[in-house]
> 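I'd like to ask some things about the structure below.
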Amino acid sequence: MNIFPIILAAGKGTRMNSSLPKVLHLIGGKPMLQHVVNSCLQLSVTEMAIVYGHGGELVRNTVSNKNIHWALQEDQKGTGHAVAQAESLIDDDSTVIIAYGDVPLIQADTLSLLAENLDNSTLSVLTTHLDDPFGYGRIVRNGDGKILSIVEEKDATDEQRKITEVNTGFIAAKGSDLKRWLKQLKPNNSQGEYYLTDCIALAVSEGGTVEAAVCNNPLEVQGVNNRIQQAELERAYQVIKANELMLAGVTLLDPARIDIRGTVTAGKDVSIDVNTVFIGDVVLGDNVTIESACVIKDSQIARNTIIKAHSNIDSSIIGESCDIGPFARIRPETVLKANAKIGNFVETKKSTIGVGSKVSHLSYIGDTQMGENVNIGAGTITCNYDGANKFQTIIGDNVFVGSDTQLVAPVNLAKGTVIGAGSTITKDTPEGELTLSRSKQVTIKGWKRPQKAKKNDKENS
Ligand code: UD1
Ligand code: CA
């Protein structure tokens with residue numbers, strides 16, 4: 001079957017109250033339209049069309065894919081008019097699926113079902129049952145349950161408005177049939193629009209049969225018109241993602257308090273505490289533990305590592321059995337080798353921390369290559385920036401840096417170096433020696449602390 005999806009995405013989305021086109025609003029960190037495109041791509045389609053209008057260029061640039069043909073709908077004259085803009089792209093013997101760009105949770109399986117229905121019908125409609133069907137097109141069936149037409153809320157009789165089976169907007173039909181029906185659409189309804197839904201009655205009038213694929217999960221076919229509905233679908237999406245993780249062997253201490261804006265791939269017996277946010281592509285090895293309120297973006301974390309509460313990790317590679325945080329900030333291009341430790345209020349950037357090395361408290365390590373079993377004392381700063389350029393700090397194996405030290409880059413601490421606390425190191429240090437820069441401690445004997453003048457003295461003066 002040669003499936004050709006046409007995604008309608010020209011609507012203004014006035015109720016979003018936004019300067020961003022509606023279909024570019026995010027669910028799970030990804031534009032809604034991208035979700036729909038991805039579901040279509042899962043059907044192994046080679047090409048698809050998107051009907052766009054409002055916010056045109058931005059939509060085209062954001063959701064780019066070489067398999068997408070773009071059809072401009074300048075004026076929004078209805079769903080039938082929208083599909084007609086893509087007419088020249090439709091192959092007669094293709095199976096066309098019409099989808100909406102603002103229905104982000106639609107699944108590939110459901111689209112497949114819709115297309116497969118055409119094996120024994122002329123037109124296939126995706127419907128769902130709603131307790132409150134207000135606003136939707138109603139599925140009108142005859143006494144035998146055969147679908148006769150779809151009638152829009154505004155055009156429906158009181159009797160028809162009681163129907164709870166509604167049109168989701170998704171339909172499938174053979175290309176040649178669809179093109180023939182599109183030519184016959186007329187805007188003779190209460191909204192003066194070309195209704196795609198009129199194709200149903202046209203198919204029936206030609207003696208065709210219309211089959212419904214009923215979607216039992218209304219959220220999957222729910223559209224987004226305002227930010228309340230967007231938030232509702234965001235939560236529904238997060239439930240799906242959380243369930244996937246739990247079924248893959250991850251413990252979520254509260255599945256309602258995790259946010260995945262991208263892809264999390266996790267090994268066995270990973271544990272994630274509440275309020276952690278994952279962004280982009282994150283890979284977690286076996287037995288990784290993530291405490292509460294961390295933000296982890298585009299990073300790999302190898303097995304047995306623990307990320308303690310309130311840590312932030314971005315575009316970094318964390319080795320196995322590392323210990324990070326609480327309150328650590330691991331910035332892009334950090335590489336932690338196995339058994340490294342990064343403690344509280346430590347920031348790293350573009351640095352490699354060698355096997356078993358420790359930066360336990362209150363430090364900044366940037367543009368640094370650190371060897372194995374190094375110990376960096378509290379409050380150590382690599383001064384990697386002179387206001388114009390960045391410079392490297394090299395720290396050999398088994399170096400011990402005393403607390404409150406500044407390493408002014410470029411600088412190289414040879415292996416086994418010991419730096420005395422409170423030093424400002426501006427020159428390379430020799431292997432295995434103690435180096436320090438510190439002014440001599442003096443004691444002023446008999447020095448008296450200043451005292452406040454007495455109240456009476458003040459008044460007399
Ligand atoms: C449409 C259906 C209705 C169905 C409902 C489901 C018609 C006539 N009615 O209603 O039966 O229950 O969807 O949500 O089809 N769009 C365009 N160009 C246009 C008009 C719409 O691209 O000129 C796009 C919108 O961006 C949106 C989709 O088509 O993605 C649906 O449009 P919308 O106005 O929300 O649907 P309704 O007319 O309310
Ligand atoms: Ca409309």
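Just follow the structure's listing: the first ligand is 1, and inside any ligand the first atom is 1.
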> Under 4.0 Å from ligand 1, counting heavy atoms only, is it the side chain of A10, its backbone, both or neither?
both

> Hey, can you tell me if F345 and F327 have their rings parallel, tilted or perpendicular (30° and 60° cut-offs)?
parallel

> May I ask you to check if ligand 1 and G137 share an N or O to N or O distance below 3.5 Å?
yes

> Under 3.5 Å between some N or O of ligand 1 and some N or O of Q73?
yes

> May I ask you to check if ligand 1 and N167 share an N or O to N or O distance below 3.5 Å?
yes

> Is it the case that atom NZ in K350 sees more than 12 heavy atoms from other parts of the structure closer than 6.0 Å?
no

> Considering only heavy atoms of L8, which atoms of ligand 1 have at least one such atom less than 4.0 Å away?
22 (O), 24 (C), 29 (O), 30 (O)

> Taking atom CZ of R15 as the centre, report whether more than 12 heavy atoms of other residues, nucleotides or ligands fall under 6.0 Å from it.
no

> Answer whether the closest heavy-atom distance between the side chains of Y136 and E153 falls below 4.5 Å.
no

> Under 3.5 Å between any N/O of Y195 and any N/O of ligand 1: does that happen in this structure?
no

> Checking the side chain of T305 only, and the main-chain atoms of C322 only, is there a donor and an acceptor separated by less than 3.5 Å?
yes

> With a cut-off of 4.0 Å, which atoms of ligand 1 are near a heavy atom of A82?
17 (C), 18 (N), 22 (O)

> Does G78, backbone or side chain, put an N or O under 3.5 Å from an N or O of ligand 1?
yes

> Using a 3.5 Å cut-off on N or O atoms only, is I150 in polar contact with ligand 1?
no

> Can you tell which of K341, K358, M370, H361 makes a side-chain contact (heavy atoms from CB on, under 4.5 Å) with I376?
M370

> Could you please spell out the steps behind the salt bridge (charged side-chain N to carboxylate O under 4.0 Å, His left out) verdict for K349 and D367?
CA-CA 6 Å; K349 197 198 167 203; D367 297 297; over 6 Å; no

> Using distance alone, determine whether T79 and ligand 1 share an N or O pair under 3.5 Å.
yes

> Would you sort out whether K297 and D281 count as a salt bridge (charged side-chain N to carboxylate O under 4.0 Å, His left out), showing the intermediate values?
CA-CA 7 Å; K297 181 181 175 197; D281 286 329; over 6 Å; no

> Assess V51 for proximity to ligand 1: is some non-hydrogen atom of it under 4.0 Å away?
no

> Does T197 have a non-hydrogen atom less than 4.0 Å from ligand 1?
yes

> Quick one: which of V274, L245, L253 gives a side-chain contact (heavy atoms from CB on, under 4.5 Å) with I258?
L245

> Give yes if a backbone or side-chain nitrogen or oxygen of E152 is under 3.5 Å from a nitrogen or oxygen of ligand 1, and no if not.
yes

> Is it the side chain, the backbone, both or neither of K77 that has a heavy atom closer than 4.0 Å to ligand 1?
backbone

> Answer with side chain, backbone, both or neither: which part of T168 has a heavy atom less than 4.0 angstrom from an atom of ligand 1?
backbone

> Does any part of the side chain of V214, heavy atoms only, come nearer than 4.5 Å to the side chain of T128, both counted from C-beta?
no

> Does ligand 1 come near enough to D102 that some N or O of the ligand is less than 3.5 Å from an N or O of the residue?
yes

